[in-house]
J.: 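One structure coming up, written as structure tokens, with questions to follow.
These values consider heavy atoms only, across backbone and side chains, with no hydrogens, waters or symmetry-generated copies.
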Amino acid sequence: MNLGRGGRTGRPGVPPAPSGISIGGGAALVVAATCLAAALLPASVPTARFMVVTVVVGGFGAVVPDLRADLAVGLLGWLCFSGFLLDRYGELHWHGARSTGYLLVLAAVTLLGPTLGRLRRTGSPSG
């Protein structure tokens, strides 16, 4: 890794954060987003609650250049949404096509966030 050019962060002389630190920060963001969505939005609008979590996961992916951390935070986002915002008390249930749609959208955003972040940092996807 070339720290003279900023390594994966794009900031000269600043090493990237370890994956564990990034995952911990992302986990805190997802939990905060879950609490915010549960407090502000009624259970009758799960799509709006889902959008709160999706925006946080995508934003995290755009800012943090660690794909492992992005995938872990995306998974945690799905688990928190499914267990606390779609269902109650952290119980995970599969709701057929509805759950499949939510999962596919969150997976796409989880992968799109880092792609957009890389474009923002380097100006091209191939870097």
J.: Please indicate whether Ile21 has more than 12 foreign heavy atoms, meaning atoms of other residues, nucleotides or ligands, lying under 6.0 Å from its CD1.
T.: no
J.: Is atom CZ of Arg120 surrounded by more than 12 heavy atoms (other residues, nucleotides or ligands) closer than 6.0 Å?
T.: yes
J.: For the hydrophobic clusters of this structure (ILVMFWY residues joined by side-chain heavy atoms under 4.5 Å, transitively), does one cluster hold both Trp94 and Leu104?
T.: no
J.: State the OG1-CG distance between Thr47 and Leu85, to the nearest 0.5 angstrom.
T.: 11.5 Å
J.: Any side-chain heavy-atom pair from Phe60 and Thr110 closer than 4.5 angstrom?
T.: no
J.: Under 4.5 Å between side-chain heavy atoms, counting indirect links through other Ile/Leu/Val/Met/Phe/Trp/Tyr residues: same cluster for Leu75 and Leu29 or not?
T.: yes
J.: Quick one: closest heavy-atom pair of Pro114 and Leu67, and the distance?
T.: CG-CD1, 4.2 Å
J.: State, with a plain yes or no, whether a side-chain heavy atom of Leu86 is found less than 4.5 Å away from one of Arg98.
T.: yes
J.: Using side-chain hydrogen bond (donor to acceptor under 3.5 Å, both in side chains), reason through Ser19 and Asp66 one step at a time and then give a plain yes or no.
T.: CA-CA 7 Å; Ser19 292; Asp66 185 351; 2.4 Å; yes
J.: Working to the nearest 0.5 Å, report the span between CG of Asp70 and CG of Leu111.
T.: 9.0 Å
J.: Should Val105 and Val73 be regarded as members of a common hydrophobic cluster, given that ILVMFWY residues are connected when their side-chain heavy atoms come within less than 4.5 Å of each other, either directly or indirectly?
T.: yes
J.: Tell me whether Leu79 is reachable from Phe84 by hopping between hydrophobic residues (I, L, V, M, F, W, Y) whose side-chain heavy atoms are closer than 4.5 Å.
T.: no
J.: Given the rule that I, L, V, M, F, W and Y join up when any side-chain heavy atoms are under 4.5 Å apart, are Val56 and Met51 in one cluster?
T.: yes
J.: Kindly determine whether Val52 and Leu41 satisfy side-chain contact (heavy atoms from CB on, under 4.5 Å), including the steps that lead there.
T.: CA-CA 10 Å; Val52 172; Leu41 300 167; 3.9 Å; yes
J.: Taking Asp87 for its side chain and His93 for its backbone only, find out whether a donor-acceptor pair lies under 3.5 Å.
T.: yes
J.: Counting only N and O atoms by type, is there a donor-acceptor contact under 3.5 Å from the side chain of Ser82 to the main-chain atoms of Trp78?
T.: no
J.: Determine the minimum heavy-atom distance between Gly77 and Val30, stating which atoms define it.
T.: CA-CG1, 3.6 Å
J.: Calculate, to the nearest 0.5 Å, the distance between atoms OG1 and CG belonging to Thr34 and Leu76 respectively.
T.: 7.5 Å
J.: According to ring pair (Phe, Tyr, Trp, His ring centres under 6.0 Å), who are the partners of Phe50, at least two apart in sequence or on a separate chain?
T.: Phe81, Tyr102
